[in-house]
S.K.: 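The structure is given below, and queries will be raised subsequently.
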Amino acid sequence: MSWNSCGNWVPLERRRRVDRSRIEMMRGHAETPTCRRRYLLGYFGEQLDDPCGRCDVCDREDDLPVTGAGHRDSPPPPGNGGPYETNDRVRHAEWGAGTVMRTEEDRLVVLFEKVGYKTLSLTAVQEGDLLTGT
């Protein structure tokens with residue numbers, strides 16, 4: 001057992017799982033092919049509709065060729081109006097209750113109270129009926 005930030009006892013293994021999930025999220029930030037500010041705000045449950053235009057990834061996107069329609073070849077924005085939106089409360093049979101922190105075209109990130117952050121394939125979630133609304 002160990003103390004959490006609220007002064008309550010939590011099992012050590014549970015704390016380790018949550019800490020590992022946080023490390024994975026930070027690794028995801030370092031490796032993201034999309035706007036870093038958008039990624040970071042998603043970590044905190046906020047949605048940024050447009051790229052920031054100031055991070056290193058956005059700087060690289062400025063170098064992408066412009067298509068015939070006048071748009072740059074860049075990934076679609078998160079929060080595509082799909083079945084899950086940022087801050088939706090969900091439940092997983094094994095991991096328990098959680099909050100959707102970020103959505104992308106093919107995946108979503110959920111902060112589960114018991115195990116921390118999990119990045120889930122949207123296809124797997126839908127086909128396996130892995131999440132229910134709470």
Side-chain angles (χ1 to χ4, degrees):
M1 298 283 253
S2 66
W3 292 100
N4 69 8
S5 61
C6 296
N8 299 320
W9 282 101
V10 292
L12 189 56
E13 184 55 36
R14 180 175 168 187
R15 167 121 184 168
R16 286 183 180 151
R17 282 193 304 262
V18 171
D19 287 346
R20 277 192 301 263
S21 77
R22 288 179 177 153
I23 291 168
E24 287 300 312
M25 289 301 295
M26 290 301 99
R27 185 179 68 145
H29 179 265
E31 297 173 353
T32 187
T34 61
C35 174
R36 292 192 198 279
R37 182 172 186 217
R38 182 184 283 169
Y39 186 96
L40 187 60
L41 288 173
Y43 177 85
F44 293 108
E46 298 293 325
Q47 200 78 26
L48 181 65
D49 293 331
D50 297 315
C52 72
R54 295 183 185 102
C55 69
D56 63 312
V57 177
C58 289
D59 284 345
R60 277 186 297 207
E61 286 182 358
D62 288 341
D63 296 334
L64 291 174
V66 177
T67 65
H71 299 290
R72 300 203 184 276
D73 295 330
S74 60
N80 58 2
Y84 301 98
E85 292 295 329
T86 302
N87 295 318
D88 282 353
R89 294 288 295 160
V90 295
R91 177 169 292 284
H92 184 275
E94 181 180 345
W95 301 326
T99 303
V100 175
M101 301 303 288
R102 188 175 78 246
T103 60
E104 295 180 17
E105 184 177 337
D106 62 342
R107 71 193 78 179
L108 64 147
V109 176
V110 180
L111 173 57
F112 290 101
E113 295 165 8
K114 291 182 181 178
V115 295
Y117 292 91
K118 295 287 185 179
T119 301
L120 306 171
S121 160
L122 190 54
T123 302
V125 167
Q126 292 173 320
E127 289 177 0
D129 200 27
L130 300 178
L131 299 177
T132 58
T134 58

S.K.: Apply side-chain hydrogen bond (donor to acceptor under 3.5 Å, both in side chains) to Glu46 and list each qualifying residue two or more places apart in sequence or on a separate chain.
M.R.: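 None.
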S.K.: Supply the atom-to-atom distance Cys55 SG to Arg60 CZ, rounded to the nearest 0.5 angstrom.
M.R.: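 Reported value, rounded in 0.5 Å steps: 8.0 Å.
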S.K.: Over all heavy atoms of both residues, which pair between Cys52 and Cys58 is shortest? Give the atoms and the distance, please.
M.R.: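 Reported closest heavy-atom pair: N-SG, 3.8 Å.
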S.K.: When you look at Val100 and Leu131, which way does the side-chain contact (heavy atoms from CB on, under 4.5 Å) test go after all the steps?
M.R.: CA-CA 11 Å; Val100 175; Leu131 299 177; 5.6 Å; no
S.K.: Is it true that Tyr39 and Ile23 fall in one hydrophobic cluster, defined by side-chain heavy atoms closer than 4.5 Å?
M.R.: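 Tyr39 does not cluster with Ile23.
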S.K.: Once side-chain hydrogen bond (donor to acceptor under 3.5 Å, both in side chains) is applied, do any residues pair with Arg36, and if so which ones, sequence neighbours excluded?
M.R.: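 Once residues adjacent in sequence are excluded, the partners of Arg36 under the side-chain hydrogen bond (donor to acceptor under 3.5 Å, both in side chains) criterion are Asp56.
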S.K.: Hey, does the side chain of Arg38 reach the backbone of Asp49 with a donor-acceptor pair shorter than 3.5 angstrom?
M.R.: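 A pair under 3.5 Å: yes.
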S.K.: Closest heavy-atom contact between Thr103 and Tyr84?
M.R.: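 So the minimum-distance heavy-atom pair works out to CG2-O, 3.3 Å.
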S.K.: Please enumerate all residues that pass side-chain hydrogen bond (donor to acceptor under 3.5 Å, both in side chains) together with Glu24, with sequence neighbours excluded.
M.R.: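 With sequence neighbours excluded, Glu24 shows a side-chain hydrogen bond (donor to acceptor under 3.5 Å, both in side chains) to Arg27, given in chain and number order.
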S.K.: Please list, chain by chain and in numerical order, all residues satisfying salt bridge (Lys or Arg N to Asp or Glu O under 4.0 Å) with Arg22, sequence neighbours excluded.
M.R.: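 Per chain and number, Arg22 pairs via salt bridge (Lys or Arg N to Asp or Glu O under 4.0 Å) with Asp19.
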S.K.: What's the separation between atom CZ in Arg102 and atom OG1 in Thr32, rounded to the nearest 0.5 Å?
M.R.: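 Reported to 0.5 Å precision, the distance equals 6.5 Å.
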S.K.: By salt bridge (Lys or Arg N to Asp or Glu O under 4.0 Å), which residues pair with Glu13, not counting sequence neighbours?
M.R.: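 Result, salt bridge (Lys or Arg N to Asp or Glu O under 4.0 Å) vs Glu13: Arg20.
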S.K.: Excluding sequence neighbours, so at least two apart, what forms side-chain hydrogen bond (donor to acceptor under 3.5 Å, both in side chains) with Ser21?
M.R.: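 Expected list: none.
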S.K.: Under 3.5 Å, which donor-acceptor pairs link side chains of residues 114-124 to any protein atom two or more places apart or in another chain?
M.R.:
from, atom 1, to, atom 2, distance (Å)
Tyr117, OH, Tyr43, O, 3.4
Ser121, OG, Thr123, N, 3.4
Ser121, OG, Ala124, N, 3.3

S.K.: Measure across Gln126 and Pro83 and return the closest heavy-atom pair with its distance rounded to 0.1 Å.
M.R.: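 For Gln126 versus Pro83, the nearest heavy atoms are NE2-CG, 3.0 Å.
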S.K.: Going by side chain to side chain donor-acceptor pair (under 3.5 Å), name the pairs with one or both residues in residues 87-98, residues two or more places apart or in two chains.
M.R.: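 Output for this query lists Arg89-Thr99, Arg89-Glu113.
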S.K.: Do Val18 and Met25 belong to the same hydrophobic cluster, where Ile, Leu, Val, Met, Phe, Trp and Tyr are linked whenever their side-chain heavy atoms lie under 4.5 Å apart, directly or via other members?
M.R.: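 As far as the 4.5 Å side-chain criterion goes, Met25 and Val18 are not connected within one cluster.
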